Amino acid sequence: FDTSKPLKWGFFFFDNEKEKLLNVFEELKDYNYVNESLEITDDGKWKLYVTKVEILGMEKLYRRNIAFNELAEYCNVELYDGWDVEKIASN
């Protein structure tokens with residue numbers, strides 16, 4: 001992936017309580033994050049998957065992961081579980 005171009009970055013949060021995950025999204029929505037899904041997993045936990053299209057280099061991604069761990073702690077969410085990335089479909 002060419003991280004000098006916009007990509008679709010996705011981030012995962014998990015908790016037993018749906019409301020806590022909604023609080024996480026409330027903190028993120030003003031920063032152009034999209035709530036892609038909020039669903040219950042096979043093991044009974046709720047999973048929030050948020051995405052954002054942006055240019056995100058490795059240093060910035062590192063800092064984002066630290067910030068999201070802090071956000072999970074602030075919102076009393078059980079786990080921030082990392083990220084994924086997709087190329088944006090070209091027209």
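Below, each value reflects all heavy atoms present in this structure, side chains not excepted, and no hydrogens, waters or symmetry copies. Fair warning: this is a prediction, and the values are worked out from it, not measured in the lab.
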S.K.: Can you tell me how far CG of Leu71 sits from CZ of Phe13, rounded to the nearest 0.5 angstrom?
M.R.: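 The distance works out to 5.0 Å.
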S.K.: Which pairs pass ring pair (Phe, Tyr, Trp, His ring centres under 6.0 Å) with one or both residues in residues 27-60, sequence neighbours excluded?
M.R.: Phe12-Tyr49, Tyr33-Phe68
S.K.: To the nearest 0.5 Å, tell me how far Thr51 OG1 sits from Asp84 CG.
M.R.: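 Going from the OG1 atom of Thr51 to the CG atom of Asp84 covers 9.0 Å.
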S.K.: Quick check: closest heavy atoms across Val53 and Pro6, and the distance to 0.1 Å?
M.R.: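 So the two residues come closest at CG1-CB, 4.0 Å.
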S.K.: Only pairs at least two apart or in different chains count here, so list each side chain to side chain donor-acceptor pair (under 3.5 Å) that has a residue in residues 71-81.
M.R.: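 Residue pairs with at least one partner in residues 71-81: Lys45-Glu78, Asn65-Tyr80.
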S.K.: Suppose we screen for side chain to side chain contact (heavy atoms under 4.5 Å, CB included). Which residues come up paired with Lys87, at least two apart in sequence or across chains?
M.R.: Phe1, Leu7
S.K.: Any non-hydrogen side-chain atom of Phe14 less than 4.5 Å from a side-chain atom of Thr41?
M.R.: yes
S.K.: May I ask you to decide if Glu54's main-chain N or O and Trp9's side chain share a donor-acceptor pair within less than 3.5 Å?
M.R.: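 Pair found, side chain donor or acceptor close to backbone of Glu54.
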S.K.: Treating Ile, Leu, Val, Met, Phe, Trp and Tyr as nodes and any side-chain heavy-atom pair under 4.5 angstrom as an edge, say whether Leu21 and Ile40 lie in one connected cluster.
M.R.: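 Yes; tracing contacts between hydrophobic side chains, which count when under 4.5 Å, links both residues.
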S.K.: Which pairs, with at least one residue in residues 26-44 and sequence neighbours excluded, count as a salt bridge (charged side-chain N to carboxylate O under 4.0 Å, His left out)?
M.R.: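 Only Lys8-Glu36, Glu26-Lys29, Glu39-Lys47 qualify under salt bridge (charged side-chain N to carboxylate O under 4.0 Å, His left out).
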S.K.: For the residue pair Leu61 and Val85, establish whether any side-chain heavy-atom pair is separated by less than 4.5 Å.
M.R.: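 They are not in side-chain contact.
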S.K.: Calculate, to the nearest 0.5 Å, the distance between atoms CG and CG belonging to Leu48 and Leu28 respectively.
M.R.: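 Here the interatomic distance stands at 8.0 Å.
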S.K.: Answer with yes or no whether the hydrophobic clustering places Trp83 together with Val34; edges join I, L, V, M, F, W, Y residues whose side-chain heavy atoms lie under 4.5 Å apart.
M.R.: no
S.K.: Could you list the residues that satisfy side chain to side chain donor-acceptor pair (under 3.5 Å) with Asn32, not counting sequence neighbours?
M.R.: none
S.K.: Which other residues belong to the hydrophobic cluster containing Tyr62, where Ile, Leu, Val, Met, Phe, Trp and Tyr are joined when side-chain heavy atoms lie under 4.5 Å apart, directly or via other members?
M.R.: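 Via sub-4.5 Å side-chain contacts, Tyr62 links to Ile66.
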S.K.: Got a second to check how far Leu56's CG is from Arg63's CZ, nearest 0.5 Å?
M.R.: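 Output value for this atom pair is 9.0 Å.
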S.K.: Starting from Met58, can I reach Phe11 by hopping between I/L/V/M/F/W/Y residues whose side chains sit under 4.5 Å apart?
M.R.: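 As far as the 4.5 Å side-chain criterion goes, Met58 and Phe11 are connected within one cluster.
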S.K.: Ignoring hydrogens, what is the shortest heavy-atom contact between Ile55 and Lys60? Give both atom names and the distance.
M.R.: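 Nearest pair, atom of Ile55 first, then Lys60: O-NZ, 4.2 Å.
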S.K.: Among all residues two or more places apart in sequence or in another chain, which pass the salt bridge (charged side-chain N to carboxylate O under 4.0 Å, His left out) test with Glu19?
M.R.: none
